[in-house]
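Everything numeric in this text was worked out from a predicted model, so none of it was measured.
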Amino acid sequence: MSDSGVRIDPALLRRLGVEPASATLLQFSTAFCAPCRAVRRVSAEVTALLPAVRHVEVDAESHLDEVRELGIRRTPTLLILDAEGREVRRAAGVPTKPHLIAALAELLPAQP
């Protein structure tokens, strides 16, 4: 996973269906991508454990302008966004569940 810290244009996020959340997993996929299904599964497991996190999956082929603007080079690509819409991490390929949880932990409020 790589770090970016760049705030993404809120209008672009709205076009992709991203709504405000403590953290968002923004996944770029294509129709016949087997690894994309694996990322979808891992993301669903993580969001089940961390209710403050949203998962949004985007069909890259239907959003080519946004894909170009965000520098998405392959699918699957997963962006982790903070509450302000900043890209804090990016992973191409299939991240592990522990890696995702660790990357999200710093964005979420501490649990009592």
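Connection of L12 to V6 is not established within any shared hydrophobic cluster, with ILVMFWY side chains joined at heavy-atom distances below 4.5 Å, either directly or through further cluster members. No continuous path of hydrophobic side-chain contacts links F28 to V94 [ILVMFWY only; heavy atoms under 4.5 Å]. Residue V53 is not grouped with residue L81 when hydrophobic side chains (ILVMFWY) are merged at heavy-atom distances under 4.5 angstrom, including chains of intermediate members. At a threshold of 4.5 Å between side-chain heavy atoms, the hydrophobic network of Ile, Leu, Val, Met, Phe, Trp and Tyr places L25 and V56 in two separate groups. Hydrophobic cluster membership differs between L79 and L107, with clusters built from Ile, Leu, Val, Met, Phe, Trp and Tyr side chains linked at under 4.5 angstrom.
For the pair K97 and V46, the tightest heavy-atom approach, listed with the atom from each and the gap, is CG-CG2, 3.8 Å. Between G93 and V39 the shortest heavy-atom distance is O-CG2, 3.5 Å. Residue A52 comes nearest to A21 through the heavy atom pair O-CB, 4.0 Å, listed as atom of the first residue, atom of the second, then distance. When all heavy atoms are compared, the tightest approach of L13 to G85 is CD1-CA, 4.0 Å.
In this structure, I8 CD1 and E84 CD are separated by 12.5 Å, a value rounded to the nearest 0.5 Å. Note that the NE2 atom of H55 and the CG atom of L100 stand 9.0 Å from one another [nearest 0.5 Å]. Rounded to the nearest 0.5 angstrom, E57 CD and Q27 CD are separated by 4.0 Å. Taking CZ from R90 and CG from L26, the interatomic distance works out to 9.5 Å, rounded to the nearest 0.5 Å. Taken to the nearest 0.5 Å, the CG atom of L108 stands 6.0 Å off from the CG atom of L104. Rounded to the nearest 0.5 angstrom, R37 CZ and S29 OG are separated by 10.0 Å.
I101 places a side-chain heavy atom less than 4.5 Å from the side chain of L49.
Side-chain polar atoms of T30 and E61 form no donor-acceptor pair below 3.5 angstrom.
Proximity of a side-chain donor or acceptor of R54 to a complementary backbone N or O of S22 within less than 3.5 Å is not detected.
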For residues 62-74, which side-chain N or O atoms pair as donor and acceptor with protein atoms under 3.5 Å away, sequence neighbours left out?
residue	atom	partner	partner atom	Å
S62	OG	D59	OD2	2.6
H63	ND1	D59	O	3.2
E66	OE2	R15	NE	2.8

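Between E106 and R89 a salt bridge is recorded (basic side-chain N to carboxylate O distance below 4.0 Å).
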